[in-house]
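Note that this is a predicted model, so its numbers are computed, not measured. Below, chains carry the letters A, B, ... as their sequence lines are ordered, and counting in each starts from 1.
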Amino acid sequence: MTTSCCSSTPLPILTFTERAKSLSEIQQAHAFMLKTGLSRDTFSASKLIAYAVANPEPKTVSYAHSILNRIDTPNVFTHNSLIRAYANSSTPEIALTAFREMLLGPVAPDKYSFTFALKACAAFRGVEEGRQIHGLFLKSNLDSDVFVENTLVNVYARSGWFEVARKVLDEMPERDVVSWNSLLSAFVEKGLVEEARKLFDEMEERNVESWNFMVSCYAAAGLVEGARECFDEMPVKDLVSWNAMVSGYARAGCYGEALEVFNEMLKSCAEEPDGFTFVSVLSACANLGSLSQGEWVRVYIDKHGVEIDGFLATALVDMYSKCGRIDKAVEVFRGASKKDVSTWNSMITGLSVHGLGNDALEIFSEMVYEGFKPNSVTFIAVLSACNHVGLLDQARKLFETMGSVYGVEPSIEHYGCMVDLLGRLGRFEEAEELVNKVPPDEASVLLESLLGACKRFGRTEQAESLANRLLELSPGETSGYVQMSNLYASNGRWDEVTEVRRKMRAERVNKKPGCSMIEVDGVVHEFLAGEGLIND
DNA sequence: TTAGGGTTAG
């Protein structure tokens with residue numbers, strides 16, 4: 001028996017590095033390696049870089065990049081790891097910087113380098129860059145490779161160059177199922193249902209992923225029946241298939257169906273639900289107001305030790321808020337170890353709709369203090385919070401600073417919140433000023449809001465002129481007519497009500513009744529506006 | 001190594 005080098009005990013620092021759970025642990029390991037001179041060693045440094053491949057946040061990856069730059073003899077593996085980490089990060093463009101650095105150095109790229117660099121191009125739709133790398137690959141002495149070419153198909157397809165993608169696909173010396181899926185996935189991403197279906201029918205081979213693409217494709221287009229048909233037809237289902245179907249129903253607003261599929265999933269015991277499943281299920285519970293099912297999910301998550309990431313925390317907070325349990329929403333929020341911007345947003349929104357505007361604003365301050373960057377949804381949430389409590393000065397300040405301080409330019413929704421608030425407080429001049437700042441084709445929502453306020457303040461003339469503006473802007477929409485008709489009705493001007501209704505019929509616009517749902521004692525009830533409990 | 005499923009607003 002011989003003793004090989006592999007049987008020697010690995011260095012403790014390398015074991016520590018391999019097991020690192022955070023960037024700061026990697027930094028500790030790096031610091032240790034710097035002291036001992038180990039950081040210039042290719043093998044040791046590659047362990048540090050491996051962390052970035054598994055956790056490709058931009059900060060982590062750029063840290064790995066700086067380590068790589070200081071290795072004495074980088075090899076193909078370390079270069080490829082870095083390119084791959086960038087390709088999987090939210091800043092895939094930088095993968096090409098890493099690729100360029102490799103080209104300038106002594107180590108020649110291999111098929112892996114090309115695959116990862118192209119994957120980066122696909123991620124940021126860099127078709128020009130992809131084309132150049134395609135050229136470099138053809139000029140290199142590397143053999144044709146199915147991984148490189150599959151990724152190339154994906155680059156062209158995701159950038160919308162479908163014909164070129166198809167040409168590459170057709171001319172491949174060897175194709176596999178991923179080649180087809182690379183094109184199919186791009187059709188799905190772009191919402192091209194017919195093209196996807198045609199390709200799917202024509203494909204030489206399909207796997208469960210091809211079927212999943214089709215389920216998602218129909219679902220994303222709101223064609224839930226098509227999605228269901230596909231789902232029922234597929235020869236093998238995996239976890240992703242179930243998740244695609246549950247989320248498809250939930251996103252289409254078919255919340256009851258979403259829960260039904262979820263129950264089928266549990267009954268069939270085919271796949272164990274995961275975080276993806278629960279996010280969609282909780283969204284369905286939230287929108288149905290079904291607290292008991294939402295609670296059930298939370299218990300399941302706890303019992304099975306499902307990791308609560310930012311998405312899941314968001315969904316839980318939202319479910320509790322929408323089901324009327326703001327106390328529990330806060331509890332989940334406070335207990336969540338992983339929060340992202342959306343988690344903060346759903347907490348702020350929850351507090352806001354429960355009339356706790358001041359608490360919502362406090363959470364907003366906390367969010368900024370903790371270094372989270374508010375986005376467009378955040379400002380809708382905080383402005384709505386101001387709206388609910390009537391905090392005009394705060395709202396004005398937020399509206400003014402959202403662009404200049406936080407880099408979020410106000411959109412029509414933000415204008416909507418402000419116009420709502422100003423209207424509610426009777427500040428009609430300031431409100432109209434804001435409405436006039438918005439492009440006319442987007443102004444109708446604002447006009448409607450302001451019109452409602454005018455009515456409440458008894459400003460009939462202004463309301464009438466606003467309703468006229470509304471009709472001019474969007475003659476095919478119901479809102480202008482309805483507002484106008486209600487306005488006349490409230491003043492007893494019945495002839496004019498009849499006239500508006502006649503016009504509506506002539507233009508073939510109909511008013512849809514409002515609808516909402518809530519769970520009482522475990523039963524979900526549906527209301528139509530102006531009616532009692534349907535399920536009673 | 002390449003292709004797949006998730007939340008928050010109004």
Side-chain angles (χ1 to χ4, degrees), chain A residues 53 77 80-81 83-84 87-88 110-119 122 145-155 157-158 176-189 206-217 219-220 237-248 250-251 271 273-284 286-287 309-319 321-322 329 339-350 352-353 375-385 387 411-417 420 445 448-449:
Chain A
V53 177
F77 183 81
N80 290 350
S81 298
I83 299 169
R84 185 184 180 195
N88 292 331
D110 64 2
K111 57 185 183 176
Y112 292 86
S113 326
F114 280 99
T115 302
F116 299 141
L118 286 169
K119 184 181 171 149
D145 177 71
V146 70
F147 285 88
V148 171
E149 281 162 2
N150 285 347
T151 314
L152 208 43
V153 170
N154 198 237
V155 171
R158 287 176 80 175
D176 62 13
V177 66
V178 179
S179 321
W180 294 98
N181 286 349
S182 297
L183 179 56
L184 182 63
S185 74
F187 284 140
V188 174
E189 187 184 86
R206 299 168 186 157
N207 59 6
V208 63
E209 290 163 343
S210 325
W211 285 92
N212 290 345
F213 278 127
M214 288 313 295
V215 173
S216 312
C217 188
K237 294 179 183 61
D238 66 5
L239 179 56
V240 175
S241 325
W242 286 97
N243 288 347
M245 200 60 242
V246 176
S247 78
R251 275 195 294 170
E271 298 287 341
D274 68 355
F276 281 82
T277 327
F278 291 126
V279 166
S280 301
V281 170
L282 285 168
S283 161
N287 286 291
D309 64 2
F311 275 97
L312 203 42
T314 306
L316 279 166
V317 169
D318 182 55
M319 183 277 291
S321 313
K322 287 215 172 85
K339 297 187 185 83
D340 59 23
V341 178
S342 301
T343 319
W344 291 89
N345 291 350
S346 71
M347 189 70 264
I348 294 171
T349 304
S352 160
V353 300
N375 62 17
S376 166
V377 177
T378 316
F379 283 101
I380 290 169
V382 283
L383 290 173
S384 312
N387 213 336
S411 68
I412 185 71
E413 288 86 357
H414 303 103
Y415 278 89
C417 293
D420 251 18
V445 203
E448 249 187 273
S449 151

Consider the side chain of A:Asn287, meaning its heavy atoms from C-beta on, and name the nucleotide among B:dG5, B:dT2, B:dT8 that approaches it most closely.
-> B:dT8

With the side chain of A:Lys111 defined as its heavy atoms from C-beta on, choose the nearest nucleotide among B:dT1, B:dT8, B:dT2.
-> B:dT1

Specify the separation, in whole Å, of atom CZ of A:Phe116 and atom P of B:dT1.
-> 7 Å

Starting at CG of A:Asn207 and ending at P of B:dT2, how long is that distance when rounded to a whole Å?
-> 15 Å

By salt bridge (Lys or Arg N to Asp or Glu O under 4.0 Å) - contacts of A:Arg84 (at least two apart) = none

Looking just at side-chain N and O atoms, do A:Ser210 and A:Asn207 make a donor-acceptor pair shorter than 3.5 Å?
-> yes

So what does A:Leu239 hit on the nucleic acid, given a heavy-atom distance under 4.0 Å: a base, only sugar-phosphate, or nothing?
-> base

Does the B:dT2 base have a donor-acceptor partner in the side chain of A:Thr151 within less than 3.5 Å?
-> no

Mark yes or no for a side-chain to base donor-acceptor pair under 3.5 Å between A:Ser342 and B:dT7, with no hydrogen or angle criteria applied.
-> yes

Which residue, A:Asn154, A:Asn88, A:Ile83, forms the side-chain contact (heavy atoms from CB on, under 4.5 Å) with A:Lys119?
-> A:Asn88

Nucleotide nearest A:Ser247 when distance is taken to its side chain, options B:dG6, B:dT2, B:dT7 = B:dG6

Ignoring hydrogens and angles, answer whether the base of B:dG5 and the side-chain atoms of A:Asp238 contain a donor-acceptor pair closer than 3.5 Å.
-> no

Counterpart residues, side chain to side chain contact (heavy atoms under 4.5 Å, CB included), relative to A:Ser342 (two or more places apart) | A:Thr314, A:Asp340

